[in-house]
Amino acid sequence: MIFTGIPHWMILVGGFMIFGNVMKLVFGGGQKRASRKWDMFGRQEIDRLDAAVSQRDVVIEDLQQRLSEMESRLDFTERMIASRSGETPTQQARVG
């Protein structure tokens, strides 16, 4: 027989692989299913989603800018408090 040198478990795994691919072809799995998923969205829906993502990006950038400004103000305030008390911010962090 042709399979005498191959372990039986390898033959079984190969058979399952072939069987799985045949079933995909018979029942329309694989790429066809993935493309059908995107077909339910129309061009208008995709454009609307792109606009929403762009708008969220603008909001996120604005929030990042505001957070950066807030961090710099907090840093300035900490330095002002430290200069009035005569301690460095690291010394205050150890005490508090």
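A quick note: this is a predicted structure, and the numbers were derived from the prediction, not measured.
Phe27 and Val22 fall within the same hydrophobic cluster, defined by Ile, Leu, Val, Met, Phe, Trp and Tyr side-chain heavy atoms under 4.5 Å apart, directly or through other members. Both Val13 and Met10 belong to a single network of hydrophobic side chains, linked directly or stepwise wherever heavy atoms of I, L, V, M, F, W or Y lie under 4.5 Å apart. By the criterion of side-chain heavy atoms lying less than 4.5 angstrom apart, applied directly or through intervening Ile, Leu, Val, Met, Phe, Trp or Tyr residues, Ile18 is grouped together with Val26 in one hydrophobic cluster. No continuous path of ILVMFWY side-chain contacts below 4.5 Å connects Leu74 to Met70, so the two sit in separate hydrophobic clusters. Placement of Ile60 and Leu63 in two distinct hydrophobic clusters is found when ILVMFWY residues are connected by side-chain heavy-atom separations under 4.5 Å, directly or transitively.
By the 4.5 Å heavy-atom criterion applied to side chains, His8 and Leu12 are not counted as neighbours. In this structure, Gln64 and Leu67 have side chains that are not in contact, with every pair of non-hydrogen atoms separated by 4.5 Å or more.
Salt-bridge annotation for Arg66 and Glu69: absent, with no side-chain N of the basic residue lying under 4.0 Å from a carboxylate O of the acidic one.
To the nearest 0.5 Å, atoms CZ (Phe76) and CD1 (Ile81) are separated by 10.5 Å.
The number of heavy-atom neighbours closer than 6.0 Å to CD of Gln55, taken from other residues, nucleotides and ligands shown, is 12 or below.
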